[in-house]
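Just below is one structure, and these are the notes that go with it.
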Amino acid sequence: MLLEAPRVAERIGALTIYDTQRVLKLESSRKFQDTPMIKSVPHDIFEEYYPRLAIIVPIKNESLKLFEGVLSAIPQDITVIVVSNSFMNGFNRYRMERDILKAIHNFSQQPMIIIHQRDPGLKEAFKSVRYEHILEGDSVRSGKGEGMIIGLLIAKALGLEYVGFIDSDNYIPSAVNEYIKDYIAGFYMSDSSYTMVRLLWKYKPKIVESSLYFRRWGRVSEITNRYMNLLIGNLTGFETDVIKTGNAGEHAMSMKLAEIMAYASGFAIEPYELVYLFEEFGKFMEETRFKEAMSEGIRVYQIETLNPHLHEEKGKAHIVEMIAASLGTIYHSRVADQSLRVRIVKEMDEFGVKSEPPRPKIIPPIVGVNASKFLDVLQENTKTLEMFE
Ligand code: GDD
C-alpha cells in the first residue's frame, strides 16, 4: 500500500493527532523506497499483523447478505468477533447470523466467535470481574458501544494485541478489506504502542434523484468535526481543523490503548473516544492514572480510504439521534467552555431539539479487568457464545 506520509500534526499534551493521510495505492512494490511524502506498507507487513488482530463486528438486525459480505472480506488469519443484538424471537435472525459465520469458518478454518449481547451468561461474567457498568437488569444494555466492549474483553482474553471495528451493513466487501489494511498501515507507522487509527471516507455515496451522488461529508460528521475542533480550541487556545473523523465508526486501536480508554454508551462511543483523550491526555499533568502512556505518547492517525463507503441508510430520526449523542459528548466535556455550550444548544435547536444534548453514559477503562476469568465464567454460563477455532 502507498499512502501519504504523516506530516502535519496537532500536538496536545501527550496526544499527537495527525491530519488526514490519503491512501494512494492499495498494493505497492517491494522495491519502492519511502520518500518524505510517501510511505509504503509492504505486503508481508499485513500478514505479520493479521494473527495479532481481532476484528469486532457489532450487528443489530442487518441484511444477512451484507453481513456475509463483510465476514468474507476479513483476511483469514484475523480473529473475527461478532457481537449481535439481533432478534431471537419469531424469525431468529441471530441463528441465521451464527449459521453464516459457521459456514464461513467451515470452509476457511478462520478463528471466529459469535455471541448475543443479551446472553444471560454475560451478567455472571461481568459480575465475576466486578465490571458491571454495562449491565441493566438481567443483561447487558442495548447499544453499539456496549456490544463493542463485549468484543474488546473477549479479544483481551485471547491475548490479541490490536482491535478494529467494522460495521456489519457495508455493501462493498472490498472496502471492508481495505479498511483492515488501513488500520494496519496506521499501526505500522506508529512509534508508540498507544495507537488509534480512524478512517475517513473518500466518498459516502447517496442516491439523489435516482442517480448516485458521491458526497464527501455526511451531515453528522460535518457537525461533529466542527464542534470537536472548537473543543480543541478551548483546550489549546488555537483554532484548528485537524479533526476529520469525529464519528469514525470504522476505527482501530492497539490493545494497550483500548484498555485504558473510557467509552460512552451507544452511538456516543466514537466521538467520546476523542473527548476522553483530550480530557485525560490533553494536558501534561503531574498526576495521571496512565504514566506509561503519558510518557510514550498517544498517536491518532486519520486515514482517508480509497474506497467509497456505501452502507444502509437508517433515516432522519437516526441521524438526529446520532448528532445529539455526538454533541452531548462535547457539551458535557469538562474542557468545553460556556460559549461552546451555547453554540451547541443553538445547533440542536435547528434540528428541532429544544433541550441540551444528552449526557453520555460513561463506561470506565477495562485495564484492571481479569479478562481470562471473564471468558471462563462466560463459557460456563453462556447460552449463545460459540468459538470456532
Ligand atoms: N451489537 C450491537 N448492539 N450492534 C449494534 C447495535 C447494538 O445495540 N446497534 C447498532 N449496531 C450495529 C449495526 O448493526 C451496525 O453494524 C453498526 O452497529 C452501526 O450501526 P448503524 O445503525 O448502521 O449506524 P450508522 O451507519 O448510522 O452509523 C455508523 O457510522 C457512524 C459514522 O458515520 C456507526 O458506526 C456510528 O457509530 C458512527 O458514528
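Both backbone and side-chain heavy atoms feed into the values below; hydrogens, waters and symmetry mates do not. Both counts, for ligands and for their atoms, begin at 1 and track the order of listing. Just so it is clear, the model here is predicted, and its values are computed rather than measured.
Looking at atom 22 (O) of ligand 1, its nearest protein heavy atom turns out to be Lys314 NZ, 3.3 Å. The protein non-hydrogen atom at the shortest distance from atom 17 (C) of ligand 1 is Asp167 OD1, 3.4 Å. For atom 31 (C) of ligand 1, the closest heavy atom belonging to the protein is Asn247 O, 3.5 Å.
Inter-residue side-chain proximity for Asn85 and Glu146 is flagged as unmet; no heavy-atom pair is nearer than 4.5 Å. Contact check for Ile298 versus Phe290: no side-chain heavy atoms found under the 4.5 Å cut-off. Side-chain contact between Pro271 and Asn247: present, with at least one pair of heavy atoms (C-beta onward) separated by less than 4.5 Å. Taking 4.5 Å as the limit, some side-chain heavy atom of Tyr263 sits within range of a side-chain heavy atom of Glu273.
Met322 counts as a contact of ligand 1, since one of its heavy atoms falls under 4.0 Å from the ligand. For Val83, the heavy-atom gap to ligand 1 drops under 4.0 angstrom.
Between Ser221 and ligand 1, no N or O atom pair is found at a separation short of 3.5 Å. Looking at Lys144 next to ligand 1, an N or O pair under 3.5 Å apart turns up. For a threshold of 3.5 Å applied to N or O pairs, the pair formed by Ser84 and ligand 1 contains no separation below that value. Considering backbone and side-chain atoms alike, Trp201 places every N or O at 3.5 Å or more from each N or O of ligand 1. Looking at ligand 1, you won't find any N or O of Ala248 less than 3.5 Å from one of its N or O atoms.
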TODO: Test Asn307 against Lys202 for side chain to side chain contact (heavy atoms under 4.5 Å, CB included), laying out the working first.
DONE: CA-CA 7 Å; Asn307 276 280; Lys202 189 169 185 87; over 6 Å; no
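Set against the non-hydrogen atoms of Gly143, the atoms of ligand 1 under 4.0 Å away are 3 (N), 7 (C), 8 (O). The Ser168 neighbourhood of ligand 1 comprises atoms 14 (O), 15 (C), 16 (O), with distances under 4.0 Å to a heavy atom of that residue. Interface atoms of ligand 1 facing Gly249, defined by a heavy-atom separation under 4.0 Å, are 32 (C), 35 (O), 38 (C).
Between the side chains of Asn229 and Thr240, no donor-acceptor pair is found at a separation under 3.5 Å. Side chains of Ser339 and Asp337: a donor on one and an acceptor on the other come within 3.5 Å.
Only the side chain of His311 comes within 4.0 Å of ligand 1, counting heavy atoms alone; its backbone N, CA, C and O stay farther away.
Between Tyr179 and Trp201, the ring planes lie tilted relative to each other; the angle falls in the 30° to 60° range.
Residue Leu53 is tested with Ile180, Leu160, Asp77, Ile74 for a side chain to side chain contact (heavy atoms under 4.5 Å, CB included); the sole match is Ile180. When the options Tyr50, Phe46, Tyr162 are evaluated for a ring pair (Phe, Tyr, Trp, His ring centres under 6.0 Å) with Phe187, the one that passes is Tyr162.
If you check each of Glu270, Lys60, Gln117 against atom 3 (N) of ligand 1, the one with the closest non-hydrogen atom is Gln117.
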